[in-house]
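A note on names: the letters A, B, ... follow the listed sequences, proteins ahead of strands, and every chain is numbered from 1. What's counted below: heavy atoms across the whole structure, side chains too, no hydrogens, waters or symmetry copies.
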Amino acid sequence: MLIHCPACGPRSHHEFTYGGDATIVRPAPDDTDIARWQAFVYDRENPRGDHQELWHHVFGCRHWLKVTRNVTTHDISAVELLGPHAKDANAGEAGR
Amino acid sequence: MSGYRLDKGGLLIDRTREVAFRFDGRTHEGYAGDTLASALLASGQTLFGRSFKYHRPRGLYSAGPEEPNALVELRPGPHQVPNTRATMVELHEGLEANSQNRFPSLGFDVMAVNDRLSRFLSAGFYYKTFMGTGQPVWHFFEHFIRRAAGLGKASHEADTDRYEKTNTFTDVLVVGAGPAGLMAAKAAAEAGKRVLLVDENAQAGGRLWDEGGEIDGMPTHEWARAVIASLEVRANVTILLRTAVYGYYDDNILGAAERVSDHKKTPDAYEPRHRHWTIHAKKVVLATGAIERPIAFAGNDAPGVMLASAGLAYATRHGVAAGRKVAVFANNDGGARAAIALSDLGVNVAALVDARASLGEGLTGALSARGVMVWTGSAVTGTRGRRALKAIDISGYDADRGALVGAMETIQCDALLVSGGWTPTVHLASQAGGPPVFDETLQAFLPGEPREDWIACGNVAGELNLASCITSGTRAGAEAAGAVLREEELPKVHGACGPETPLPLWEVPAAGKGKVFVDLQNDVTAEDVRLAEREGFRSVEHLKRYTTLGMAADQGKTSNVNGLAILARARGQSIPEVGTTRFRPPYQPVPIGAIAGREAGEHLMPVRRTPMHDWHEAHGGEMMEAGLWMRPQIYRREGETLEQAYVREARNVRENVGIVDVSTLGKIDVQGPDAAKFLDHIYTNAMAKVKVGKARYGLMLREDGILFDDGTAWRLGENHYLVTTTTAGAAAVLAHMEYYLSVVWPELKVHVASVSDQWAGTAVAGPKARALLEAVVRDCDLSHDALPQMGIADGKIGEIEVKIARLSFSGELAYEVYSGWNEGLAVWKALYEAGLPFGLMPYGMEAMGTLRIEKGHVTHAEMDGRTTAADLGLGALAAKRKPYVGSAMQDRPALCDPDREVMVGLVSKDAEPIPAGSHLVSDDGKSLGHVTAFAFSPAKETYIALALLKQGRERIGDTLEAAFQLKERSVTVQVVDPCFYDKEGSRLNG
């Protein structure tokens, strides 16, 4: 499987580590509602088809990426760079 | 005797070069160009193996990669490879092979008694017999069953051969070098593309070696040679032979295994045995061909029964007749054509038995002219001869009713060649595509919709006629290259045959007793398939797993479609309604060595060494692996045991001073206006409150509240920290920080970078540590007031700038002295030499561990991914004065349960070691926890340990048994506080 890293181009998935579901939102740091934290840490959808997920380019630029991947076919339809440089990187030619 | 060498013929052999080899300890002779199978067949060998379950005698069944029976253990000793198909082994001088799954010999096998017991060994035998009986019964029988069942045995010796892995990139990958593949490669190459042509056989050409007819005025095999030669000289074509493409993965990446030197007695210097290829292809042409299919009938596994294509291949390629008197059984014209071709090659073909009412045009006459007796509307109902075929029983067969009719006849023969039509080799297409689609005309599954960028052509695409096969190959090659097919340049094929349209006869109705095998390799009978269906295993996927149909080394290459057809009939449905199992990699077995490549032994993982590595080794340091790092375990003095060495080193730290190499600690540089705020979020501790020039010990939690790592944060400037992590946690902590900075708080202005390999570190510990440093460090005030506990100072050793932090892992007055990586050795040497007058000794991992156990300091032995800060007595460091990662979730009820295992100390009551991993056992035999680390404590003068123990704090003072089950040993221990030494911490001040 190839992941088109916006910073590095198409690279083998061996260069990346998987970071899980990219759609979950972390509660505010001072949130004390244990149910919301519980949901953040443990509750995951198991969708068929497109899935937004995090990949970390550990053997590359070390950016965290948000990858839209079809978990049935492994087709990747979008790759977005996360972090402080997201705006610049994704404004140009984002991944396929 | 059965097979023999014909007086002439054999396109691939060189009759002037005799080759001696050994099979089951006996010497045989063959010719250069033979396979192990063809040479043994020529020498009259009928028995090639014993079957998997019933240990029935089995002979050669095919001439190619689909072979289910003739599996051998190739080569002796450390080079041995079990389950090697004799049909794929190229003969070479001195080759040694042995048959397998027999005891004591192939001719007499005591386990053949299983055949008599077969009614107890039906489908699902293991499940029915052992499920519900409980574990002990299975455990008792497992040893015997594992010995009785199974295929070859692996060598117990370490493999001394070399293996390699490589990557390659190509415009067009063509899989299969038969007529379609050759033309596809040619068309793509002529369009200027880089082409990789791969075939698992030792020679390209596929069935062009066996086909009659002419192409461009040449016999097919001569045309094949010409095309191969024209491709070989092209700079943009690479031909990889003996290479099986076994897996088709995402993004047109394919895996292939090359048998680089299996055809030689020993590999050349530096030559690997096998090579693994990862192929990145822009376009793929699948020209994977087709495999002939058997027809199932009673006794169809007798040695001497083989595929018609195999009988023909042995005659054309190797000049070998399968028997003295050959019969052919078919449901399509391929059988008649094989009989004619064989007869023309000098093989005595006695009879053709064809299930159809009539043969194709002109075939009957041609057969009669060659003296072949033709039995149309007939089927084989049984075989005679157990260890070698002697005769076949045939009966009339009414295709419309699917029933036997008329009287039985017996035909004397010692070889029976069977053709049930052709099964396209859709494995790779299925791996990278939709479900295979059933074709009623061909009675076969064809490739489904591509899900990767491939084109199928030739036999696999259902083009079974040579002319259409060549056209489709050329078209596929042109299409893959983005070029247009030029019809006028297509080769002219003469005398080629129409598509085989087999009669849908999968299994001859039973006329009497005798097992009807569907899967020869797994000993699955037609009755097993029906039994499984009656028991409710109606889905093909369930059928496969329950009966093992289509499993093991051959992956059902000759059995899948027949099994489906029999299941479909039992279910009263059509074959497409039943469907196929999804093919998964690997198409062919891949040697583990090829997958490992050079990454074995000392090359398994990269080795990391500190700048002081050579010094350690030169001074008696015995190195041990700590993750990827090499670290000194002890510095042994002559005559010392390991324990004596580390106790001496540890005691010297308590009494004088020692140095230990801590360069392996993870180090992360954290900079930016929000650095303090960020570290406050990441650590449980208030890192923002640390003053510049000070360090703080801290904990990190995971989001679920479990301890993640510990370390120190040194504040080097207002917006600049140097963070240390555990050696093992370095990579994970950096990734953790990057996650929060990218995903959770991208607004924070912070940069993190690993500087683990930029800073070398030496820890100096012991009551004389300050005196030592004062003797060697200049431009630095090391007094207690100027450099208190957790203080940081800059200084110089010689001309080398060092950063000194007063931190203690040992509990003694201690410092960590950091320098640039390249100066690490010089700093270490300077400290060592300056320390000798103070009684300095270097100390290793064992002594470091001993000192920390005495102090009850934690490592990843205790931070094991299940423990909280409170469990390890560090709750005060995780107080919630501010939110941090894990702060909310560490209050979950399960993590606050008073019954949780918590860290305690243990003292041996009998001065016995307390091995790590020992279970602390309650009176009723239940585990209450386990030992995480132990040492002989010089401070306590006995063996002590740290442990995680349920309700540990309430058990202090109790006596327990620590049971080490691996050695069936048990030690009586007393539970104590985890800090064994200087609990008030007075020794930190020297």
Side-chain angles (χ1 to χ4, degrees), chain A residues 1-4 7 10-14 16-42 52-66 69-76 80-87 89 96, chain B residues 167 169 248-253 278 280 432-434 449-452 672 674 677-678 680-682 701-706 731-732 734-754 880-896:
Chain A
M1 193 169 81
L2 298 178
I3 296 175
H4 291 238
R11 315 294 291 197
S12 164
H13 71 95
H14 291 111
F16 298 80
T17 53
Y18 182 67
D21 191 336
T23 63
I24 48 164
V25 179
R26 193 175 189 272
D30 55 359
D31 193 335
T32 53
D33 184 289
I34 198 80
R36 273 196 290 274
W37 284 101
Q38 157 85 29
F40 162 67
V41 173
Y42 292 111
Q52 290 200 323
E53 53 200 20
L54 298 171
W55 288 80
H56 188 198
H57 201 181
V58 279
F59 296 110
C61 60
R62 295 200 68 94
H63 280 111
W64 281 86
L65 310 178
K66 184 156 94 180
R69 186 176 67 103
N70 185 308
V71 294
T72 313
T73 64
H74 298 184
D75 284 341
I76 292 172
E80 204 181 305
L81 192 133
L82 299 175
H85 307 295
K87 223 172 176 181
R96 70 181 174 108
Chain B
N167 276 268
F169 299 80
Y248 201 139
Y249 302 96
D250 297 325
D251 291 303
N252 261 19
I253 297 169
T278 302
H280 305 249
E449 276 295 300
R451 286 186 185 151
E452 295 288 333
D674 292 320
K677 189 178 172 190
F678 172 61
D680 247 13
H681 283 325
I682 290 283
L701 308 188
R702 308 190 310 213
E703 286 286 9
D704 64 0
I706 297 288
L734 181 66
H736 181 77
M737 289 182 170
E738 288 167 335
Y739 167 79
Y740 287 99
L741 289 172
S742 285
V743 182
V744 183
W745 305 307
E747 70 280 6
L748 290 185
K749 291 187 162 53
V750 182
H751 270 299
V752 294
S754 169
K880 299 214 295 181
R881 284 174 288 269
K882 46 128 189 157
Y884 49 80
V885 171
S887 58
M889 288 295 273
Q890 70 175 346
D891 292 339
R892 286 182 290 157
L895 299 190
C896 306

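Smallest separation of non-hydrogen atoms from A/Leu2 and B/Asp251: N-OD2, 2.6 Å. When all heavy atoms are compared, the tightest approach of A/Ile34 to B/Ala888 is CD1-O, 3.3 Å. Of all heavy-atom pairs between B/Pro883 and A/Pro29, the closest is CB-O, 3.1 Å.
Atom CD of B/Glu449 sits in a sparse spot, with 12 or fewer heavy atoms from other residues, nucleotides or ligands closer than 6.0 Å. In the displayed structure, B/Lys677 atom NZ is contacted under 6.0 Å by at most 12 heavy atoms of other residues, nucleotides or ligands. Environment of NE2 in B/His751: sparse, with no more than 12 heavy atoms of neighbouring residues, nucleotides or ligands closer than 6.0 Å. Atom NZ of B/Lys880 is surrounded by more than 12 heavy atoms from other residues, nucleotides or ligands within 6.0 Å. For A/Phe59, the CZ atom sits in a loose shell: 12 or fewer heavy atoms of surrounding residues, nucleotides or ligands are nearer than 6.0 Å.
Going from atom NE2 of A/His56 over to atom NE2 of B/His736 covers 12.5 Å, rounded to the nearest 0.5 Å. Going from atom CZ of A/Arg26 over to atom CH2 of B/Trp745 covers 4.5 Å, rounded to the nearest 0.5 Å. A/His85 NE2 to B/Ser742 OG: the interatomic distance, rounded to the nearest 0.5 Å, is 8.5 Å. The structure places OH of A/Tyr42 at 5.0 Å from CE of B/Met889, a figure rounded to the nearest 0.5 Å. One distance of note links CZ of A/Arg69 with CG of B/Asp250; it measures 8.5 Å at 0.5 Å rounding.
Contacts of B/Ile253 with chain A are made by side-chain atoms alone, with heavy-atom separations under 4.5 Å and no backbone atom involved. Proximity to chain B is absent for every atom of A/Leu81, based on heavy atoms less than 4.5 angstrom apart. Heavy-atom distances place both the backbone and the side chain of A/Arg62 under 4.5 Å from chain B.
Using cut-offs of 30° and 60° for the angle between ring planes, the A/Trp64 and B/Tyr739 rings count as perpendicular.
Most heavy-atom pairs under 4.5 Å with chain B, from the set A/Val58, A/Thr73, A/Leu54: that is A/Leu54.
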Next on the checklist: Quick one, A/Phe40 with B/Glu703, criterion side chain to side chain contact (heavy atoms under 4.5 Å, CB included). Give me CA distance, side-chain angles, the key distance, then yes/no.
Outcome noted: CA-CA 9 Å; A/Phe40 162 67; B/Glu703 286 286 9; 3.4 Å; yes
Checklist entry - Between A/Leu82 and B/Glu738, is a side chain to side chain contact (heavy atoms under 4.5 Å, CB included) present by the stated rule, with each step listed? => result CA-CA 10 Å; A/Leu82 299 175; B/Glu738 288 167 335; over 6 Å; no
